[in-house]
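To start, the structure under review is shown below, and the notes come after it.
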Amino acid sequence: SIVQFCHFQDLQAARDFLFPHLRADTPGCAVRRDPSKSANWEDDGWGAWEETEPQEPEEEGSTCKTQKTSWLQDCVLSLSPTNDLMVIAREQKAVFLVPKWKYSDKGKEEMQFAVSWSGSLNVEEGEYVTSALCIPLASQKRSSTGRPDWTCIVVGFTSGYVRFYTESGVLLLAQLLNEDPVLQLKCRTYEIPRHPGVTEQNEELSILYPAAIVTIDGFSLFQSLRACRNQVAKAAASGNENIQPPPLAYKKWGLQDIDTIIDHASIGIMTLSPFDQMKTASNIGGFNAAIKNSPPAMSQYITVGSNPFTGFFYALEGSTQPLLSHVALAVASKLTSALFNAASGWLGWKSKHEEETVQKQKPKLEPATPLAVRFGLPDSRRHGESICLSPCNTLAAVTDDFGRVILLDVARGIAIRMWKGYRDAQTGWTQVVEDLHERVPERGDPSRFGGAQGPGRVAQFLVIYAPRRGILEVWGAQQGPRVAAFNVGKHCRLLYPGYKIMGLNNVTSQSWQPQTYQICLVDPVSGSVKTVTVPFHLALSDKKSERAKDMHLVKKLAALLKAKPPALDLVETEIKELILDIKYPATKKQALESVLACDRLPFSCLRNITQTLLDALKNQELESVDEGLLQFCANKLKLLHLYESVSQLNALDFHSDTPCSDNDLAALLRLDEKELLKLQALLEKYKQENTRAVVRFSDEKDGVLPVKTFLEYLEYEKDAINIRKISEEEYVSLGSFFFWKCLHGESSTEDVCRTLGSAGLSPQLLLSLLLSVWLSKEKDILDKPQSVRCLHTMLSVLSRMKGSLPGEQSLVFEMPQKRGGVCVCVVIWLNERRLQYTKYFTLEILLCFKRKLLPHGKYALRKLNFSVIRNNVVRHLGLFTGNADQSCSGCLWPTLQILIVSCLQTIGGIADSVAKWVFKQDLSPEVLKLANTEGDAETADEPNGGLHGGLSEAPAAETDPGATPGLLHAAYRQFPCSLEPDVLHAHCCWESVVQWNRDPEEARFFMRSIEHLKHILNGHVQNGLALMMWNTFVVKRFSAAAYLMDKVGKSPKDRLCRRDVGMSDTALTSFLGSCLDLLQTLMEADVSRDEMQVPVLGTEDAWQAVEGPVSIVELALDQKRTHYPLVEHHSVLCSVLYAVMRFSLKAVKPLSLFDSKGKNAFFKDLTSIQLLPSGEMDPDFLSVRQQFLLKVISAAVHAQHSVAKDRDSEDAPSTAFGKDQDWPVLAVDLAHHLQVSEDVVRRHYVGELYTHGADHLAEEAILQVHDKEVLASQLLVLAGQRLAHALLRTQSKEGMELLARLSPTLCTWLKAMDPQDLQNTEVPIAMTAKLVNKVMELLPENHGQFSLALHLTEAVEAISLPSL
């Protein structure tokens, strides 16, 4: 991730100081104004006075606009790795910035870079800044907390000077070690060796010149800088003269055998292995070279430039002694002048360094020790631009002028990887150490990474910033993939110091843990500084990376939930980020469960986290969303909303002030005074007998339930809330949370029940919870008559809820088993007093009792008189005539159940229920048509198809083939409007396609749906239903199949089909065939609807008042009319796709057969008007289309010929695609739509038939060909191939004699024929003779090949079959 950790307080002021011409008030960047309109001389800024040569307005404006955004690219920029100082320099000026904690515009405290010093750094005339470093120096105090003592700014100039400054801009010392300009400054600080065999590296500062490298020892530099700083501080305080500090120890190497040097990297001291030592000695000294017993230590340097592109230098340690330089200490008495510059630079005055420098003689320069390049990467055309060394000193990233980033192996000196397309790239590295507690144990080896033994692994990532594209990429080294990419803008600067704090050693570095940034990105547009953080697991392989990342995030989440939260809003934000970063749905679900199970987080935090995850899942593409996780989040969120609603209702100040007297209670229970007294006495005796002491804690409150416990008790399944298997006490606790306030009159009963019912809790479940609370806390309730009244009110409200059963039946169903006998007695008593069943309640009781009450004992069944109720229902509805018991027995009972249950809920419920039953019985549309006929419907014979489908799981009595048409006919008579043929076929069609969508592998479901669709007679219903099927179930899979086949260029394999389309390759083939039937039916319905009126849907009188969802037929009639050309356009594509899958064609990209207009029109709404191809087509498209159609013809004829051969065999396999298309006719039709000559397709079809030996079919197909002359020429070649096979392949004596008697022309022509093109060579010579005669009929006598055909005829007649 890329994290912003700092802002610039006023970056524009720094830009204006370094680039005066970019100021907003200068004429160079302002819009030209009329001088006469200038109202004030102050309109021109002070910076305008410095402008000397004004440019042209156009050139001036464009240059200024570009520099305002990319000005940071022209500056020398350096940031301390401890983030305590930043330097921005250009030419002679520099700005020092330090971070400070300040409040932002939003009121949040954040770190901002503010200017601490600005001014000019040049001492000599004409020198410019070329490079700068901010080196933090370690503190020598024992009480140090790990922060650096101070930061030194090292600046290189074109004059060759290297000067050292404090944070306040005070010059400490200056060194002239070479007269050439300083090209680059780089630093290396101390790092603890990771392994015992790794050479310990010393600290150093390396200075690159055009032909030399100077390395200053880090310890010597550290001591000199400390001494200079102390002397400057003393001089500033007392004015004493300076004491000469210790000299600097450095080495100076003159680089040879290289043309140009741009950048360098100092690798450090390395030791060769014995093999490398001998190899190097042999390369340098030859066969007789001698080597030392121990390999020498060498300092390695790598340069980039030209000739060679990359040079490798090795300097033997001890070959030269370090040089000592005279330290030129700055005069500290000029502090006042330096501080004045810091102020004057920001007031806008001309910032010239006004120190009166003492003219000194330049120090003596020591000569450089020659160092020849040992080897390099020679590439005369390539010029290196920069090199960036990895933290482990094993790899280096090099950029060049070709826009390449090359990864070098430092030890071997070879390029191991290259990235293209990164012009002007900036590179850096980030190193991540593995957390031992986050290691993922290998499967089957739990002890491999099970403990925390051994050092943590280290991963290196290369960071590449491409300013031309404005993208920041992170790549795993060495051959790792790209693990991250960020859009960051095109004018940023990537800063990679490559060092940490100077002055540490192997002792102090172990106790110090300084906070350093390995890499930073400075964005001048947004004024922010960001750093890149990469988790270690991204360096692993893909599978392990994803698993390790998720485990890492889950463990981090667990630690966060256990920790004491400093601020809830910050914790909530971090939890959201962690959950959203998890990839695997199962792990994401586990994380959400752990969050919901945490009792430290408040309810609002849980709700917001769940809502955020649900919104993120909904915003993803539908194919990539895990349905289980999406449903889990939605269900948990619904439960949280329910908890919130109930808690808010319980928190309201609601009190019922109406007192409840004994008379009110008697009237409520319908008891007289004596019965009430007896009941009260009975209850008092009951309370005395069942009183027992109960221990309760002071913090226990009734009606209060933590959200964690609430979520543990409930679960959401199929749009309904169920209670998990919990104990009796937990059951009572949940009921108390819902109803305790209501039982005491402290909450609105209607509002609570309405809230619970709308959330998905069934009235029976609520009644069970209520009675559990009532009976478990009966003492508290019976002490208050008001609670009895509230209980009665709640029972009444629950019984009136939608979907509730009669209260007495609910008691039997839902009460706990140990109280079942008591509840049955209560049911019987209430039933005898005041129960009046309506027709609808009776029907529900009938169906539910049959399902639930039969196992509950004979006592309740006898008292409720189930058989009487059932007979009354059947007699009342009048569905059947005759004996009710006989009608409801056997196979008629399921039919009654299917036909009646849903009709009370929706207008189309009858047809929908029948459709479900028809689908379950796997009845074909012909059976429905047969049952709808009058007269002999009940005595009709069994139809051929559909009665014995594989779907039916009902008993044999329910699938009696003789009873099925009779049952359907009886239903048609009872519901003539609801089961009208078109309505029933529409519902059956929809039910079949819904079932197919649930299991796409069952292709026959879709085919059955199309059959029902074709049986719909009304074009309006047929058109609307087909359009609904296309939009709801088909177009998404159809488009996925099209894109997949166009991507692979052939019929995709099973794995790809399942991944992209969600079905196997066999099911996909059948699906495309059904899609073609659907589109053709849609076009036919679009035409036929013009010839008929919109149907009027009728409803039986008994169901006029029923309210419910709109039926499927009404939805179909509400659909818009389709655009016929667009449907036809999709039909063409579907035919192409079907052909590719049916014949497994290769080298075919279906979408490439259409131009841009055709492609853009695909998969759009079929009711919209799209811009379709028209006019003449590009010849290239026509050629591709013609080749495709010829492939289809060849494949179709070959498949037909193969099927014919299989039929001749004994075990001919049946086709898996159902009824196949007439492909030759379909190909001709496609040729018409694709603007391909139909005659070419017909001629090719005739030729393929002759090739496969189907001469009788070919003779019929010849009649459809228009250009007979061209066809005759093609058939002549086929005849020649057959004759050549008969004469040349058999090599018989008679054949050779006949061949010798042929004319030379015919003999030569026959030898040129290739019989391998023939698919069937076992063709009788008589059929070949007939083919030659046919050619003679078709060829005119003046044709050029007529004579050849004549000779061929004579040759065929001369051949006798027995001799050959």
Side-chain angles (χ1 to χ4, degrees), residues 561 589-590 592-603 606-607 610 632 635-651 690 692-718 720-744 746-747 749 752-753 755-757 759-782 787 790-791 794-795 798 810-820 822-823:
L561 295 176
K589 180 181 177 181
Q590 176 187 353
L592 181 60
E593 288 176 343
S594 64
V595 171
L596 296 177
C598 179
D599 51 3
R600 295 172 176 264
L601 300 177
F603 167 79
L606 300 179
R607 180 195 56 201
T610 309
F632 176 79
N635 294 342
K636 291 297 181 183
L637 189 61
K638 291 177 182 178
L639 292 177
L640 290 173
H641 287 324
L642 175 61
Y643 180 86
E644 182 181 20
S645 301
V646 175
S647 300
Q648 291 176 354
L649 289 174
N650 291 338
N690 294 275
R692 61 176 181 174
V694 179
V695 179
R696 298 193 61 179
F697 296 95
S698 59
D699 57 348
E700 290 185 0
K701 295 182 180 180
D702 290 321
V704 177
L705 191 68
V707 62
K708 169 189 174 183
T709 309
F710 178 81
L711 296 176
E712 292 175 353
Y713 289 171
L714 298 178
E715 61 181 356
Y716 212 103
E717 289 183 358
K718 298 179 181 180
I721 298 179
N722 299 321
I723 300 178
R724 302 178 186 269
K725 292 182 179 180
I726 56 179
S727 64
E728 184 68 21
E729 292 76 12
E730 294 171 337
Y731 203 84
V732 173
S733 300
L734 181 60
S736 299
F737 175 69
F738 287 151
F739 301 118
W740 185 254
K741 295 285 185 179
C742 297
L743 288 174
H744 287 73
E746 299 176 3
S747 183
T749 302
V752 171
C753 293
T755 301
L756 296 177
L761 284 162
S762 64
Q764 293 78 22
L765 192 59
L766 296 177
L767 183 61
S768 177
L769 289 170
L770 174 61
L771 296 181
S772 297
V773 178
W774 174 30
L775 296 178
S776 63
K777 300 183 178 182
E778 51 193 7
K779 181 181 178 181
D780 297 334
I781 296 177
L782 294 177
S787 299
C790 294
L791 175 62
M794 296 190 68
L795 289 173
L798 290 177
S810 300
L811 289 174
V812 178
F813 286 170
E814 306 301 337
M815 282 305 298
Q817 294 299 322
K818 66 180 182 179
R819 304 190 184 97
V822 179
C823 294

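For the numbers below, each heavy atom of this structure counts, side chains included, while hydrogens, waters and symmetry mates do not. Residue numbers run from 1 in the order of the sequence given.
Residue L596 holds its CG atom at 6.0 Å from CG of L640, rounded to the nearest 0.5 Å. Rounded to the nearest 0.5 Å, atoms CD1 (I723) and CG (L734) are 5.0 Å apart. Atom NZ of residue K636 and atom CG of residue L714 lie 9.0 Å apart, to the nearest 0.5 angstrom. Atoms OH and OG, from Y713 and S733 in turn, are 5.0 Å apart once rounded to the nearest 0.5 Å. R724 CZ to L711 CG: the interatomic distance, rounded to the nearest 0.5 Å, is 9.0 Å.
Taking the side chain as every heavy atom from C-beta outward, H641 and K638 never approach each other to under 4.5 Å. Between L561 and S594, the closest side-chain pair of non-hydrogen atoms falls below 4.5 Å.
Considering every non-hydrogen atom in both L606 and T610, the closest pair reads O-OG1, 2.8 Å. The shortest non-hydrogen separation linking L766 to G757 is CD1-N, 4.5 Å. What you find for Y643 and L705 is that their closest heavy atoms are OH-O, 2.6 Å.
Ring geometry, F710 versus F738: the interplanar angle exceeds 60°, so the pair is classed perpendicular (tilted spans 30 to 60°).
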